[in-house]
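Just below is one structure, and these are the notes that go with it.
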2 protein chains.
Amino acid sequence: MTLTELKYVLAVARERHFGRAAEACYVAQPTLSVAIKKLEDELGVMLFERGGGGEISVTPAGERVAEQASRIFELVDGIKDSAAVAKDDLSGPLRLGVIYTIAPYLLPWLIPEMNKLAPHMPLMLEENYTKVLTEKLKKGEIDAMLIATPVEEPGLLSLPLYDEPFQVALPAAHPLRKKKAVTSADLEAENILLLGTGHCFRDQVLQACPCLNRAASGGLAKTLESSSLETIRHMVASGVGVTVLPCTATRMHYVDDDLLTLRPFKDAPPSRLVSIAWRKSFPRPKAIETLRQAVLATDLGCVAKVTPGQR
Amino acid sequence: MTLTELKYVLAVARERHFGRAAEACYVAQPTLSVAIKKLEDELGVMLFERGGGGEISVTPAGERVAEQASRIFELVDGIKDSAAVAKDDLSGPLRLGVIYTIAPYLLPWLIPEMNKLAPHMPLMLEENYTKVLTEKLKKGEIDAMLIATPVEEPGLLSLPLYDEPFQVALPAAHPLRKKKAVTSADLEAENILLLGTGHCFRDQVLQACPCLNRAASGGLAKTLESSSLETIRHMVASGVGVTVLPCTATRMHYVDDDLLTLRPFKDAPPSRLVSIAWRKSFPRPKAIETLRQAVLATDLGCVAKVTPGQR
DNA sequence: GCTATCGATAGCATTAACCAATCAATCTTC
DNA sequence: GAAGATTGATTGGTTAATGCTATCGATAGC
């Protein structure tokens, strides 16, 4: 049984005339006769009664076949329609993973931008660790992710988006406030608040300031397992210690302004490179590109955006 | 788009593996790859995401296509099933036309016989004149008919079933009752009751007894337009006149036995040949044959059945 | 770095689908 | 009733499609 044969059956049932049906199908009459006969042989039933006279009539079996055939073609059209919709890379949800230390500072700007650039592509967001997101991306459980470490996984591609310098956050009355810029060494004696293990930002801070690493092993730096940068920031504001924040985490907060002082690093400030990553085989390249454009269109203030030319 | 392609899509969606899907479809793997690619090109959408690793995943578009495809195959199976049922000539209703002067005397026996021989083929009956039934048969509004005149229409076939002699019906106290058999001439002086024009039996009686024909034109024979043999029989029983009946109309009536006397014709009695007719193109030969067998299996008493050998 | 696995590609053989021409049966018309 | 017109079935040959074998490129795991 073939869709073509069913199409011919519908035409003959409609026209009640092999010649006209053939014309309607843009084929020659023998083609139609043979096709109908083939289907009749396969089903073992006569579908049409060829009377000698002008008109042919449809047998009850033919009626039923024609009825089901028309329902089949409704579904076929449904397939074509839904394919036409899905054709657009920017339609249908995009599952986006974002690491904990980016999400709260980027998404409030990114989401309106995406609504503007791709209004028919809702974002299904997930916040998690780099490692977890990478696994989910490889398994196809998410479609793209925003992370801050180089991606070197087989089957994955990535593009850098922006380079984000780190800053030091001090309580309002801290001695270091007197300096316009601090160095890694300045922090050695301080009580440093760090994210728990698993957060890549923790590792990046420790790598940028080796002295902290020593402090951490010596028990001076206070690690807050599974906590968030926001929690740490509030603790700094309350005077518990100092910390290092990515610059996007230092904007948009007004309540702390009186209690929190920010200072840049002196000379070659440490930074992290935020990238977007996706499966090489992901079939919606425009969705990725649009997401990238949306991030770059976002006003992130202190960051150094990677423009397309720098790719 | 092809049913084969959709079958392949379903297999890949189910197995999530081109090789296994090809095996399940009894084709080689390249066949499947090419077919899927062809459908993807036609729809303009990727249906599957071929990751480098072992498993492939189904895109949202692929999910929808697979879902609709499985519904399509349900309908295809439905076509095959209903065709398998319709394959049996003896299933589904048979539209049977019977002339007025046969129906009441044959159907009470024929219907139980048909219920026995073809329990899944209900009879949709219509009583009408030979002419009307012939037209309806040619137009396909009925499938077969039982008539008493030779069928010589293009596109129609017929077979004789039985030869039915005529008998004379007399009121209980009629003088002709004394004779064991009557002749056509005996009826010349009688008040003859005849069916109205249009009934073939009227014409057959007039042809068998030319003297009646003369009487009819002379006003002696009483024509009862559009009436029935039953009405005429009751009038004979009440003494209005005499009539000629086909022998099947003279059985099974007990109420009239005291009031009605039947006499056969003497020498070469007139008769009518009852036949079954159908369209040459009617696609259920077994239905016709079964109907013929059912008529022949009926106990019609006085008739001379035409056995298959006499065809 | 080597091997195994998976899907894509190329080349070739087979099948089918299709058309033009013709045929057989029937209906219509003169 | 014979000639012409109409209709679906049949035939022969061409083209497109489908399928298979062999091979390739990419990837993952040892």
Side-chain angles (χ1 to χ4, degrees), chain A residues 1-9 11-13 15-42 46-59 62 134-135 138-140 152-157 279-283, chain B residues 1-9 11-13 15-42 46-59 62 135 138-140 152-157 279-281 283:
Chain A
M1 193 181 314
T2 312
L3 285 179
T4 311
E5 289 165 2
L6 293 178
K7 187 178 70 185
Y8 294 164
V9 168
V12 174
E15 304 282 347
R16 294 178 185 275
H17 189 286
F18 275 66
R20 286 197 298 275
E23 206 171 346
C25 295
Y26 306 105
V27 294
Q29 169 261 319
T31 300
L32 207 126
S33 285
V34 170
I36 298 281
K37 185 176 167 49
K38 180 164 160 288
L39 184 58
E40 285 177 334
D41 287 349
E42 179 183 342
M46 281 288 188
L47 300 177
F48 303 103
E49 191 178 329
R50 289 84 154 170
E55 288 249 316
I56 65 173
S57 62
V58 188
T59 67
T134 304
E135 281 311 305
K138 284 168 72 178
K139 280 196 282 185
E152 288 301 338
E153 290 283 341
L156 296 186
L157 292 178
R279 282 185 302 285
K280 193 182 297 183
S281 58
F282 185 61
Chain B
M1 193 182 311
T2 312
L3 285 180
T4 310
E5 289 166 2
L6 293 178
K7 189 177 68 184
Y8 294 163
V9 168
V12 175
E15 304 283 347
R16 296 179 184 277
H17 188 286
F18 276 66
R20 286 197 299 275
E23 203 172 349
C25 294
Y26 305 106
V27 293
Q29 169 262 319
T31 300
L32 207 126
S33 284
V34 170
I36 298 282
K37 186 175 166 51
K38 181 165 160 285
L39 183 59
E40 285 178 334
D41 287 349
E42 180 182 340
M46 281 287 188
L47 301 177
F48 303 102
E49 191 178 329
R50 289 83 155 170
E55 289 249 315
I56 64 175
S57 62
V58 188
T59 66
E135 282 310 305
K138 285 167 70 178
K139 280 196 282 186
E152 289 300 337
E153 291 282 344
L156 297 187
L157 292 178
R279 283 185 302 286
K280 193 184 296 185
S281 58

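Predicted model only: the values in this text are computed from it and were never measured. Naming: A, B, ... by sequence-line order, numbering from 1 per chain. Because only heavy atoms are used, hydrogens play no part in the values below, and waters and symmetry mates are left out as well, while side chains stay in.
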* To do: Step through the shown structure and confirm whether more than 12 heavy atoms of other residues, nucleotides or ligands are within 6.0 Å of CD on B:Gln29.
  => yes

* Structure fact -> Only one of A:Val12, A:Thr31, A:Asp41 passes side chain to side chain contact (heavy atoms under 4.5 Å, CB included) with A:Ile36, and that residue is A:Val12

* To do: For A:Tyr8, report the nucleic acid contact type (base, sugar-phosphate, nothing); a contact means any heavy atom under 4.0 Å.
  => sugar-phosphate

* Within this structure, what is the CG-to-P distance between A:Leu157 and D:dA26, rounded to whole angstrom? -> 14 Å

* Structure fact -> In short, A:Glu15 meets A:Ala24 closest at the heavy-atom pair OE2-CB, 4.1 Å

* Between B:His17 and C:dG7, does any side-chain N or O lie under 4.0 Å from OP1 or OP2? -> yes

* To do: Any chance you could measure A:Arg20, atom CZ, to A:Glu23, atom CD, to the nearest 0.5 Å?
  => 9.0 Å

* Specify the separation, in whole Å, of atom CD of A:Glu49 and atom P of D:dG8. => 13 Å

* Asked: Rounded to the nearest 0.5 Å, how far apart are OG1 of A:Thr4 and CG of A:Leu39?
  -> 11.0 Å

* Asked: Below 4.0 angstrom from OP1 or OP2 of D:dT7, is there any side-chain N or O of A:Arg50?
  -> no

* To do: Go through B:Ile56 and B:His17 one step at a time and tell me if the side chain to side chain contact (heavy atoms under 4.5 Å, CB included) criterion holds.
  => CA-CA 6 Å; B:Ile56 64 175; B:His17 188 286; 5.8 Å; no

* To do: Please report, rounded to the nearest Å, how far the P atom of C:dC6 is from the CZ atom of B:Arg16.
  => 16 Å

* Name the closest nucleotide to the A:Thr4 side chain, picking from C:dC18, C:dC6, C:dT26. => C:dC18

* To do: Determine the contact category for A:Lys138: base if any of its heavy atoms lies under 4.0 Å from a base atom, sugar-phosphate if only primed atoms, P, OP1 or OP2 are that close, otherwise nothing.
  => nothing

* Go through the steps to decide whether B:Ser281 and A:Glu49 satisfy the test side-chain hydrogen bond (donor to acceptor under 3.5 Å, both in side chains), and finish with yes or no. => CA-CA 6 Å; B:Ser281 58; A:Glu49 191 178 329; 3.0 Å; yes

* Spacing of B:Glu23 atom CD relative to C:dG7 atom P, expressed in whole Å -> 12 Å

* Nearest whole angstrom, please: distance from the C1' of C:dC6 to the CZ of B:Phe48. => 15 Å

* Counting heavy atoms from C-beta on, name the nucleotide in C:dA8, C:dA17, D:dT7 closest to the side chain of B:Phe18. => C:dA8

* To do: Hey, which sits more toward the 5' end of DNA chain C by its nearest nucleotide, A:Glu5 or B:Lys280?
  => A:Glu5

* Asked: B:Ile56 CD1 to D:dA28 C1': how many Å, rounded?
  -> 17 Å

* Structure fact -> So, with a heavy-atom separation below 4.0 Å from DNA chain C, the residues of residues 24-37 of chain A are A:Tyr26, A:Val27, A:Ala28, A:Pro30, A:Thr31

* Just how far, in rounded Å, is P of D:dG8 from CE of A:Met46? -> 14 Å

* Asked: Rounded to whole angstroms, how far apart are CG on B:Leu3 and P on D:dA17?
  -> 17 Å

